[in-house]
There are 4 protein chains.
Amino acid sequence: MQIIEVAEKLFSLKGFDGASIRDIAEEAGVNLAMISYYFGSKEKLMEAIFEQRMGQVRMRVESMLKDDSLAPFQKMELLIDENIDRIMQRQQFHKILICEQIINKNPIIIKLVNEQKKKNAEVIGELIKDGQKKGVFKKDIDVVLLLNSFFGTLTQTMISKDYYRNFIKIEFQSDSDFEAYLKKRLSKHLKLVFKAILTYEE
Amino acid sequence: MQIIEVAEKLFSLKGFDGASIRDIAEEAGVNLAMISYYFGSKEKLMEAIFEQRMGQVRMRVESMLKDDSLAPFQKMELLIDENIDRIMQRQQFHKILICEQIINKNPIIIKLVNEQKKKNAEVIGELIKDGQKKGVFKKDIDVVLLLNSFFGTLTQTMISKDYYRNFIKIEFQSDSDFEAYLKKRLSKHLKLVFKAILTYEE
Amino acid sequence: MQIIEVAEKLFSLKGFDGASIRDIAEEAGVNLAMISYYFGSKEKLMEAIFEQRMGQVRMRVESMLKDDSLAPFQKMELLIDENIDRIMQRQQFHKILICEQIINKNPIIIKLVNEQKKKNAEVIGELIKDGQKKGVFKKDIDVVLLLNSFFGTLTQTMISKDYYRNFIKIEFQSDSDFEAYLKKRLSKHLKLVFKAILTYEE
Amino acid sequence: MQIIEVAEKLFSLKGFDGASIRDIAEEAGVNLAMISYYFGSKEKLMEAIFEQRMGQVRMRVESMLKDDSLAPFQKMELLIDENIDRIMQRQQFHKILICEQIINKNPIIIKLVNEQKKKNAEVIGELIKDGQKKGVFKKDIDVVLLLNSFFGTLTQTMISKDYYRNFIKIEFQSDSDFEAYLKKRLSKHLKLVFKAILTYEE
DNA sequence: CATGAATGAGTCTTCATTCAT
DNA sequence: AATGAATGAAGACTCATTCAT
């Protein structure tokens, strides 16, 4: 578990090929051979990270979405905030996730990722259908592009965090202060984008 | 020039650390030592790619933005389509661009990228001010988050292209057919998002 | 230890830059990577040789010099023979030592060498003071030039051994016979030189 | 000629294997290919240096030694000072000379060096015979060891110059001041050594 | 069960040299 | 006569993995 934590950190900093298991073993304070011994190989270690991190998704959301006392917009906003929190808390992993979709395409990982994407599309799809039935959402919504805008905005913001912090001329007392500010802005911004996509008729 | 082309391709497929200069030399049909000979080092080769690709940006746009006969919305739509075209034509480079912002962080490259981001923010910033003066755009627009949504949506769509193609149940006769379809959908989607962000008042 | 032995041999034959770790690994019968594995780098291997060889100096001498029953001249002669033996037994190392003082100048090694020189100067300095106090050595002796003559004669003889063997018209039955002859001649010669420097008044 | 000068400098600083013809070409301000073009190869360049530098020896000495009005001791002292000057003026070359006798033993160079040594032995041999005939030098003098002591002292002093300067607690205004001081000390020291070897009976 | 030692394959880079111009 | 471009060989070093203990 500690190995996974260190590996996640180093993979996110240097990439899969850039981080050596030597580095990982050293920083984790374990024997070099133990990584191959426990995980089988470097590739398998990466897979273990993905299994570990992707298995934790969704719990609170599921039940909430079934709650009929909540309006579709409320559910959508909950979903947005929930995911902003989740991703901002696991930035290292999500950096790896992006890179993994571009390079090193390990089939096992790609499969895991696509399953997750499918689940995401299903959840949001149901929510949209519900909203459409209730007449508050418009017809013809491209779920995938909606999700791409959502996750794309989040990841793009995440990887250019430093640039953004430098751009807005506000001084923050600590990193977590800035992080909190960022989440608030993202929340507002993304809710607006969702609202537009879900209701705006050309 | 041919080396740059091959290197761009392999870097986008395997990442900077994953692509060896051996691979690059072989695929480019040149001697292994030629790469160090021409570019000095692997790092410098990467920098050469960035200088090559980032120097080509914008020309038509500049003049167009100064054209007073165009309404802010028209300009904005032109800008969107222009950038969709540009990025979809240079997908390999933009994949590298994303990874480079996450890992390896060569300072020279980061500097180039940040300068480009600044220019982007300035161009869109002027356009927005113009629209606000003319009363067609709302106040208080976060330029950076707007751009993050734009480029984030594009890159997210690009890296999950295969998933998207599989998801929509349409059969395409060729890759370029799908590519064209994708660009049309993206154009429509992003114009909607921009319109919302630029005009929608909560 | 075996690697050090082989490295010493090859460094003395081809020089630091001329001897590749490939050669060393091959001749030592170990894997190429083992040298980096054990020593860290080629430079560190060289440092290891110096630490190994310079740590062994002097032991018998120390006690001998404190022996008050020996006259200064006797001590000096013992010191001369001791050092001739030491250097002739480690000719390979002393060849490296000379080259290292001219080229490559690894600071760690230079430091070790200078410390050794300082110790040598101290030992001989004490001996000289003792002899002066007892009135058998003259005043105003340049310790460093005395040592330079001593070690310079030895090394010069060592590196032009072949020429010397060819010059004197004596046939030797074996290399070790010649070596023994050389040591005897050197001993006589150097004792004469020392005596002159220590007593001869202009 | 300029190439030879630069090559001599770099070979003396980094050794034959450590100095690349790239470095030499760059510092000499000539084309990289010109060195192979003019000299044939790196080895031949080294040979050219030796031919250049060893051809210049002896001119004034020859005539002087035939001068019958000079006593053997006077001739000897002239010879000593002459050679101290010569070597101290060509320190770079003599550093190369030492290394070349230890490593990289190019046969052509070794031949040149041995011829020079033979000439040296002849000249000093004649001088000694003359002195013996005149009854001022003793019998049984080992010419080679005498020369070894002479050149050995000089080279040893040369390569540990910095240590010596640091050891004696005298401050020098300039490098050439120290160099002059060194030559004076060496001259006195070596004349004493010679006198002892040539006259001292055990 | 856990690990220190060892390895072969691979990394990037630099080398002296050559060749067409 | 002189050189820029190009190259094969070799350089030191690091890698993920294995294996005997």
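Every chain is numbered from 1 and lettered A, B, ... according to where its sequence line falls, protein lines coming before strand lines.
Distance, D/Ile24 CD1 to E/dT17 P: 11 Å, rounded to whole Å. Between D/Ile3 atom CD1 and F/dA2 atom C1' the separation is 12 Å, expressed in whole Å. At whole-Å resolution of the value, CE in B/Met34 and P in E/dT18 are 20 Å apart. With rounding to whole Å, B/Lys14 atom NZ is found 9 Å from E/dT11 atom P.
You'll find the side chain of B/Lys118 reaches within 4.5 Å of the side chain of A/Tyr163, heavy atoms only.
Looking at D/Lys14 and D/Glu27, no side-chain N of the basic residue comes within less than 4.0 Å of a carboxylate O on the acidic one, giving no salt bridge.
Residue B/Asn31 places its side chain closer to F/dG8 than to any other of E/dT3, F/dG8, E/dT7. You'll find that the side chain of A/Leu32 is closest to E/dA6, out of E/dT7, F/dC13, E/dA6. The side chain of C/Arg22 approaches F/dG11 more closely than any other nucleotide in the set F/dG11, F/dT3, F/dT18. Among E/dA16, F/dT18, F/dG4, the nucleotide with an atom closest to any side-chain atom of D/Ala33 is F/dG4. Side-chain proximity of A/Tyr38 to the nucleotides E/dT3, F/dC13, E/dA2 is greatest for E/dA2.
Map B/Gly29 and A/Phe16 each onto its nearest nucleotide of DNA chain F; the residue landing nearer the 5' end is B/Gly29. Comparing B/Tyr37 and C/Gly18 by the nucleotide of DNA chain F whose heavy atom lies nearest to each, the residue mapping closer to the 5' end is B/Tyr37.
Side-chain atoms of A/Glu100 and A/Asn106 form no donor-acceptor pair, as typed in the model, at a separation below 3.5 Å.
Across all strands, A/Ser20 comes closer than 4.0 Å only to sugar-phosphate atoms, never to a base (heavy-atom distances). Within the 4.0 angstrom heavy-atom criterion, no nucleotide atom of any strand lies near C/Ile35. Among the protein residues, C/Ala19 comes within range of the sugar-phosphate backbone only, with heavy atoms under 4.0 Å from sugar or phosphate atoms but none that close to a base.
The two residues D/Ile98 and C/Ile98 come nearest to each other via the heavy atoms CG2-CG2, 3.8 Å.
Remark: side-chain polar atoms of A/Gln2 are paired, donor with acceptor, to backbone N or O of A/Ala28 under 3.5 angstrom.
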